[in-house]
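Every chain is numbered from 1 and lettered A, B, ... according to where its sequence line falls, protein lines coming before strand lines. These values consider heavy atoms only, across backbone and side chains, with no hydrogens, waters or symmetry-generated copies. All figures in this text were calculated on a predicted structure; none of them were measured in a lab.
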Number of protein chains: 2
Amino acid sequence: MFDAAIPPASARERIAARGGRVTRTRLVVLELLQCSEHPLSHDEIGDALAAAGVAHDRVTLYRTLDWLVEQGLARRIAGGERAWRFEAVRDAAHRHAHFHCDRCGQVVCLEGLEPAPATGLPSGFHVDRAELVLHGSCAACGLGSEAGRVR
Amino acid sequence: MFDAAIPPASARERIAARGGRVTRTRLVVLELLQCSEHPLSHDEIGDALAAAGVAHDRVTLYRTLDWLVEQGLARRIAGGERAWRFEAVRDAAHRHAHFHCDRCGQVVCLEGLEPAPATGLPSGFHVDRAELVLHGSCAACGLGSEAGRVR
DNA sequence: GCACCAAATGCTACAATGTTGCAAGACGAC
DNA sequence: GTCGTCTTGCAACATTGTAGCATTTGGTGC
Ligand SMILES: [Mn+2]
Ligand SMILES: [Mn+2]
Ligand SMILES: [Zn+2]
Ligand SMILES: [Zn+2]
């Protein structure tokens with residue numbers, strides 16, 4: 001679960017600094033996101049909480065994730081499926097694209113790839129942010145048969 | 001509903017050419033997509049069918065849209081919300097980006113903006129297609145208050 | 001025009017994902 | 001330790017999409 005790539009860099013302070021109460025769920029979820037290399041779905045996070053022995057309610061987790069996003073501590077990513085994925089915000093200024101494997105559903109961050117700036121859009125339109133998602137097959141899934149394809 | 005921009009360019013033949021049966025629903029839905037300037041949601045299409053006096057079932061509409069996508073006559077777009085949007089495929093080779101208004105939820109096609117080709121992604125990864133969605137506020141919604149913001 | 005049959009539809013039930021309202025519990029200031 | 005407010009848990013609901021199956025219908029051959 002905790003991919004142990006990046007050290008948990010005080011999630012506790014980051015939560016408290018926003019004026020939020022440091023609850024077990026917020027703490028564990030934020031640490032989990034900070035340590036994960038991939039954006040995680042609500043479900044994956046729920047499973048990790050269960051595995052870590054942290055009791056929780058589905059709704060509480062939704063609200064926890066909403067709160068982290070509101071506070072700028074996490075980001076919501078659209079993925080190719082119907083569920084959101086979440087990742088910790090490491091650098092608020094730096095955005096990156098994502099790759100969605102249409103075979104296994106895995107989403108990976110493309111740190112090197114920044115969505116190109118908008119050009120030539122109709123006047124009166126104002127762009128806040130760009131979301132770039134590449135679709136295809138990941139290294140693990142290869143180019144093999146179409147079987148098992150995710151919608 | 002029918003924005004009357006592009007003439008209905010025989011939807012009937014396009015359907016028959018794929019070996020599909022020309023049913024009232026397929027015909028009206030494809031014509032609707034071909035005439036619309038914006039990608040439409042399932043709901044919007046359903047409303048248009050009702051307005052046109054075409055009886056239909058929710059499930060039939062889902063299946064009709066799936067069929068049109070399978071046949072390459074329509075494309076499914078992720079939008080920023082949880083429901084797919086659909087647009088007629090005019091030129092299979094030409095892809096374009098979309099703009100999603102976070103205020104009103106409207107999606108508009110950015111014909112001039114093609115997602116940049118993928119570079120520097122991990123080896124073993126294969127890209128089928130790129131989806132680029134710009135988020136912000138449209139001309140109609142302006143830059144005003146945050147009130148009424150769509151998630 | 002008519003019979004036939006695979007393809008398409010309508011219906012019901014279900015699955016997945018997310019939201020709302022409200023009472024009970026817990027964080028943390030004092 | 002008390003207390004007020006923020007957070008949680010629970011139940012009910014909303015939205016979006018699927019699956020199974022009996023019925024209807026478009027198109028083909030006559
Ligand atoms: Mn990422
Ligand atoms: Mn478009
Ligand atoms: Zn994969
Ligand atoms: Zn708008």
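Residue-level contact check: B:R63 touches the bases, meaning some heavy atom is under 4.0 Å from a base atom. Counting non-hydrogen atoms under 4.0 angstrom, A:T60 reaches a base of the nucleic acid.
With salt bridges taken as basic N to acidic carboxylate O contacts below 4.0 Å, one links A:E44 and A:R85.
Judged by atom type and distance alone, A:R58 reaches the base of C:dG18 through a side-chain donor-acceptor pair under 3.5 Å.
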Under the salt bridge (charged side-chain N to carboxylate O under 4.0 Å, His left out) criterion, do B:D57 and B:R63 qualify, and how do the steps go? CA-CA 10 Å; B:D57 173 73; B:R63 292 199 271 230; 5.6 Å; no

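Taking SG of A:C101 as the reference point, atom CZ of B:F125 lies at 7.5 Å (rounded to 0.5 Å). The distance from the CG atom of A:D66 to the CD atom of A:Q71 is 11.0 Å, given to the nearest 0.5 Å.
Summarising the geometry, the separation between CH2 on A:W84 and C1' on C:dT19 is reported as 14 Å, rounded to the nearest angstrom. When rounded to the nearest whole Å, the span between CD1 of B:I15 and P of C:dA8 equals 11 Å. The distance from atom NE2 of A:H56 to atom P of D:dT7 is 18 Å, rounded to the nearest whole Å. Between A:Y62 atom OH and C:dT20 atom C1' the separation is 14 Å, expressed in whole Å. For the pair B:R24 CZ and C:dG10 P, the interatomic distance rounds to 12 Å; values are reported in whole Å. For A:L61 and D:dC10, the CG to P distance is 14 Å, given to the nearest whole Å. In this structure, the CG atom of A:L49 is 11 Å from the P atom of D:dT8, given to the nearest Å. Between A:E81 atom CD and D:dT18 atom C1' there is a gap of 15 Å when expressed in whole angstrom units.
Note on A:T23: a side-chain N or O is less than 4.0 Å away from OP1 or OP2 of D:dT8.
Taking the side chain of B:R26 as heavy atoms from C-beta on, and the options C:dG18, D:dG27, C:dA8, the nearest nucleotide is C:dA8. Listed nucleotides: C:dC11, C:dG18, C:dT19. Nearest to the side chain of A:V59: C:dT19.
Counted by atom type alone, A:H94 and A:H96 present zero donor-acceptor pairs between their side chains at under 3.5 Å.
Between B:H42 and A:R21, the residue anchored nearer the 5' end of DNA chain D, judged by the nucleotide with its closest heavy atom, is A:R21. Remark on DNA chain C: of its neighbouring residues B:D57 and B:R82, the 5'-side contact belongs to B:D57, judged by nearest-heavy-atom nucleotide.
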